[in-house]
Amino acid sequence: MLDRRIIREEPQKVREALDKRGCDFDLDALIELEARRRDLLQAVEAQRAQRNQISEQVAQTVREGGDAEPLKQRSIEIGRQLAANEQELAEVEGRFDQMMAELPNIPLDEVPVGESEQDNVVMYEVGEPPKFDYTPRPHWEIGEQLGILDFDGATRMAGARFVTDVGAGATLERALINFMLDTHTRKHGYTEVFPPYLANERSLFGTANLPKFEDDLFKTTDGYYLIPTAEVPLTNMHQGEILEGDDLPIYYTAYTACFRREAGAAGKDTRGMVRVHQFHKVELMKFVKPGQSSEELEKLVKDAEVILQALELPYRRVHLCTGDMGFQPRQTFDLEVYCAGMDRWLEISSCSQYGDFQARRCNTRYRPQPQAKPEFIHTMNGSGVAAGRTLLAILENYQQEGGTVVIPEVLRPYMGGLAEILPRSLLS
RNA sequence: GGAGAGGUGGCCGAGCGGCUGAAGGCGGUCGCCUGCUAAGCGACUAUGGGGGUAUAAGCCUCCAUCGAGGGUUCGAAUCCCUCCCUCUCCGCCA
């Protein structure tokens with residue numbers, strides 16, 4: 001959510017941002033609503049002031065034993081007009097708030113301007129795609145043959161777009177999660193959090209998943225939402241709080257399952273575990289002072305990169321353009337891992353800074369100095385990284401011609417020393 | 001699921017129809033006192049929004065806010081209704 005003042009004071013800034021995003025939004029209607037809101041507010045406040053004054057006179061008259069009846073009648077009359085104005089104000093305000101809630105963030109100046117994915121800027125590549133003497137196979141073939149990914153079983157248990165890790169596959173994903181959490185907590189200074197997987201409406205509003213993206217979410221019959229990412233609980237950790245400047249920056253990391261309906265993705269990535277309704281991810285999240293945002297985001301991206309480097313997975317870093325960026329961020333960097341079997345770059349981490357866009361919605365503030373006025377903090381987050389897609393990338397890049405998969409060195413201690421996943425047939 | 005208690009400023013806590021945006025305390029800021037520290041004394045110390053004034057800091061003024069929403073009333077922190085949350089006890093349970 002942007003500061004509503006910007007609508008009145010710098011509408012051209014908003015218009016420019018919307019243009020850059022290629023976003024269809026009726027800014028003029030919003031500006032008009034804002035003006036109407038202010039007019040009504042002034043009228044309502046003047047009438048309230050008048051009524052308050054009369055009420056005081058009533059009290060005084062009654063105390064002195066006089067007849068307050070005429071005053072009361074006037075007050076009732078004012079109240080009638082007031083009620084009409086108040087009703088219209090509430091309507092206007094409601095529509096205004098709704099539009100504000102659906103107004104996207106303003107991209108930073110350094111974000112490349114573009115229309116689509118095609119215009120994203122690849123900043124650099126790290127590592128070499130592995131070479132094979134044969135045509136490398138996709139992860140679903142490898143996983144099923146090794147008996148470590150069970151798509152059919154998951155379909156029976158739940159439905160389409162689910163996957164189940166079995167045996168060494170389950171251990172591998174658990175190892176990845178532990179390795180990532182250990183790295184971020186012990187080496188990068190993050191505090192580990194194990195949050196609820198359900199969140200209330202308010203929290204999803206805070207991260208701006210609601211009201212605009214309700215279709216992407218699973219909702220329970222009790223009105224809870226399944227979290228689409230740990231960003232939701234983590235960003236709301238300090239909802240409504242005023243933090244002390246000395247406590248910032250705060251770094252959190254969390255492993256959670258993530259649930260997404262993938263409503264708009266029919267027919268896309270239907271093979272394998274690229275796009276599933278439940279996946280597992282280690283998230284990085286920071287609360288920082290306004291001036292620290294870009295610098296801290298840079299460190300956060302590097303913290304995520306460390307994981308891919310340690311696993312020796314080839315990846316590249318992409319600066320998302322204005323047209324491909326999400327609704328909430330003002331800047332996003334994606335990390336894409338190369339997957340030999342599918343021969344494609346796959347998003348494995350998305351790191352975004354939001355400025356005060358989310359903090360405003362969550363009402364999370366801090367005091368720059370002990371007695372100073374509270375200001376909105378800045379938030380940012382990124383995957384550090386998605387465990388399911390990392391597993392997939394390991395299967396595709398570490399596959400051997402005989403159908404086995406070598407375990408990256410750093411994971412072996414987490415897998416009881418296992419160095420290679422063999423087919424079940426070879427185990428027995 | 002059943003029964004009860006409660007949600008008031010940065011924190012604790014009073015208030016239970018008008019003089020209460022809110023006593024008192026803690027914490028904090030400034031000043032006085034003081035060889036230093038402590039103690040003592042005094043002043044100030046909620047948030048959001050509108051309007052005016054000012055180059056700005058600020059100042060003046062109005063409105064709203066005592067968990068949220070609605071109602072009663074000339075007037076609500078205070079009375080009524082609905083909802084949310086917290087706590088205690090009982091039941092159930094990984």
Side-chain angles (χ1 to χ4, degrees), chain A residues 1-10 30-101 194-206 210-211 219-225 233 236-248 257 287 356 359-377:
Chain A
M1 185 112 70
L2 300 175
D3 188 343
R4 58 170 53 180
R5 259 174 302 210
I6 198 171
I7 300 302
R8 184 160 89 231
E9 289 165 10
E10 301 176 283
L30 185 62
I31 292 170
E32 226 169 279
L33 274 177
E34 204 284 329
R36 182 73 188 135
R37 187 188 77 89
R38 212 147 27 102
D39 287 348
L40 282 168
L41 188 62
Q42 279 173 36
V44 163
E45 288 193 352
Q47 285 172 326
R48 281 189 195 153
Q50 218 178 340
R51 195 188 57 184
N52 288 347
Q53 215 178 340
I54 292 172
S55 284
E56 216 158 290
Q57 287 169 17
V58 170
Q60 201 180 340
T61 308
V62 168
R63 237 177 291 135
E64 291 166 357
D67 177 17
E69 216 31 61
L71 285 170
K72 288 188 187 179
Q73 286 314 311
R74 262 189 69 200
S75 181
I76 290 170
E77 183 48 41
I78 291 167
R80 244 194 292 275
Q81 298 165 26
L82 177 62
N85 279 333
E86 277 179 333
Q87 200 190 339
E88 192 184 345
L89 178 63
E91 268 165 40
V92 169
E93 204 143 51
R95 271 187 289 155
F96 179 77
D97 289 345
Q98 196 183 337
M99 283 193 85
M100 281 304 287
F194 205 164
Y197 290 3
L198 299 187
N200 57 30
E201 188 178 334
R202 198 193 156 130
S203 292
L204 283 137
F205 179 84
L210 290 177
K219 188 177 186 178
T220 75
T221 50
D222 295 319
Y224 293 108
Y225 292 86
N236 283 283
M237 280 270 290
H238 300 295
Q239 186 192 91
E241 285 188 45
I242 299 172
L243 305 170
E244 290 306 326
D246 285 348
D247 296 337
L248 299 176
F287 293 97
D356 63 9
R360 199 177 289 281
R361 297 170 83 110
C362 294
N363 192 26
T364 303
R365 294 172 295 170
Y366 82 106
R367 281 184 211 284
Q369 265 81 45
Q371 292 304 306
K373 244 178 84 143
E375 288 176 28
F376 289 113
I377 51 122

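Just so we're on the same page: letters track the sequence lines, and every chain starts at 1.
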Taking atom CD of A:Q239 as the centre, does the number of heavy atoms from other residues, nucleotides or ligands within less than 6.0 Å exceed 12? yes
Distance check needed: B:U72 P versus A:K72 NZ, whole Å only. 16 Å
Tell me what A:S75 touches on the nucleic acid: a base, only sugar-phosphate, or nothing, going by heavy atoms under 4.0 Å. sugar-phosphate
What contact category does A:R4 fall into here, base, sugar-phosphate, or nothing, at under 4.0 angstrom with non-hydrogen atoms? nothing
On a whole-Å scale, what distance lies between the C1' atoms belonging to B:C92 and B:G21? 46 Å
Between A:Q42 and B:G51, is there a contact of a side-chain N or O with OP1 or OP2 at under 4.0 Å? yes
Same-atom distance (P) from B:G91 to B:A3, integer angstrom: 15 Å
Is the closest basic N to carboxylate O distance between A:E91 and A:R95 below 4.0 Å? no
The side chain of A:A59 is closest to which nucleotide in this list: B:C63, B:G18, B:C74? B:G18
Just the rounded figure in Å: distance from C1' of B:A68 to CD of A:Q239. 14 Å
Base-pairing assignment for B:U65 (Watson-Crick or G-U wobble, both under 3.5 Å): B:A46
Atom C1', compared across B:G69 and B:A64: separation rounded to whole Å: 16 Å
Whole angstrom is fine here: how far is it from CG in A:D247 over to P in B:G10? 17 Å
Watson-Crick/G-U partner (both atom distances under 3.5 Å) of B:G75: none
Is it true that A:E77 and A:R74 have a side-chain N and a carboxylate O under 4.0 angstrom from each other? no
Tell me the partner of B:A14, counting only Watson-Crick (N1-N3 plus N6-O4 or O6-N4) or G-U wobble (N1-O2 and O6-N3) with both under 3.5 Å; none if nothing fits. none
Do you know the tightest heavy-atom contact between A:L198 and A:T220? CD2-CG2, 4.3 Å
Atom CZ of A:R74 to atom C1' of B:G75: distance rounded to whole Å? 15 Å
Using both distances under 3.5 Å as the test, list the Watson-Crick or G-U wobble partner of B:C33, or none. none
Within the supplied structure, the quantity of interest is the number of heavy atoms (other residues, nucleotides, ligands) at a distance under 6.0 Å from A:E32 CD; does it exceed 12? no
Counterpart base for B:G91, defined by Watson-Crick or G-U wobble contacts under 3.5 Å: none
So does A:N52 get a side-chain nitrogen or oxygen closer than 4.0 Å to the phosphate oxygens (OP1/OP2) of B:A64? yes
Suppose you measure atom C1' in B:C89 against the same atom in B:C41; what distance do you get, rounded to whole Å? 50 Å
Pairwise P distance for B:A23 and B:A14, with rounding to whole Å: 14 Å
A:R8 side chain, from C-beta outward: closest of B:G51, B:G75, B:C63: B:G51
Distance col, row A:L243:CG vs A:I377:CD1, nearest 0.5 angstrom, shows 6.5 Å
Just to be sure I understand the rule, does A:R38 reach a base, reach only the sugar-phosphate, or reach nothing, if contact means heavy atoms closer than 4.0 Å? sugar-phosphate
Now, which nucleotide makes the Watson-Crick or G-U wobble pair with B:U20, with each of the two distances under 3.5 Å? none
Looking across every strand, which nucleic acid part, if any, lies under 4.0 Å from A:I54 by heavy atom: base, sugar-phosphate, or nothing? nothing
Categorize A:R202 for me: base, sugar-phosphate, or nothing, with a 4.0 angstrom heavy-atom threshold over every strand shown. nothing
How far does the P atom of B:A38 sit from the matching atom of B:G27, given to the nearest Å? 13 Å
Within this structure, what is the CZ-to-C1' distance between A:R51 and B:G75, rounded to whole angstrom? 8 Å
In whole Å, what is the span from the CD1 atom of A:I78 to the P atom of B:C62? 16 Å
With a 3.5 angstrom cut-off on both distances, give the Watson-Crick or G-U wobble partner of B:G6, or none if there isn't one. B:C85
If you count heavy atoms of other groups shown closer than 6.0 angstrom to CD of A:Q81, is the number above 12? yes
For A:L41, which contact category applies under a 4.0 Å heavy-atom criterion: base, sugar-phosphate, or nothing? sugar-phosphate
Could you give the distance separating B:G13 and B:G24 at their C1' atoms, to the nearest angstrom? 8 Å
When rounded to whole Å, the CD to P distance for the pair A:E93 and B:A64 reads 14 Å
I want to verify a distance call: between B:G75, B:G49, B:G48, whose nearest atom is closest to the A:R365 side chain? B:G48
With rounding to whole Å, what would you report as the distance between B:A77 and B:G67 at their P atoms? 10 Å
Would you say A:R5 reaches B:G49's phosphate, i.e. side-chain N/O to OP1/OP2 under 4.0 Å? yes
Closest heavy-atom pair and its distance - A:S75, A:R51: OG-CG, 3.4 Å
A:N363 has an atom CG; how far is it from atom P of B:U65, in whole Å? 18 Å
Less than 3.5 Å between a donor and an acceptor, one on the side chain of A:E45 and one on the base of B:G51, is that the case here? no
Between A:Q53 and A:L71, the residue closer to the 5' end of RNA chain B by nearest nucleotide is A:Q53
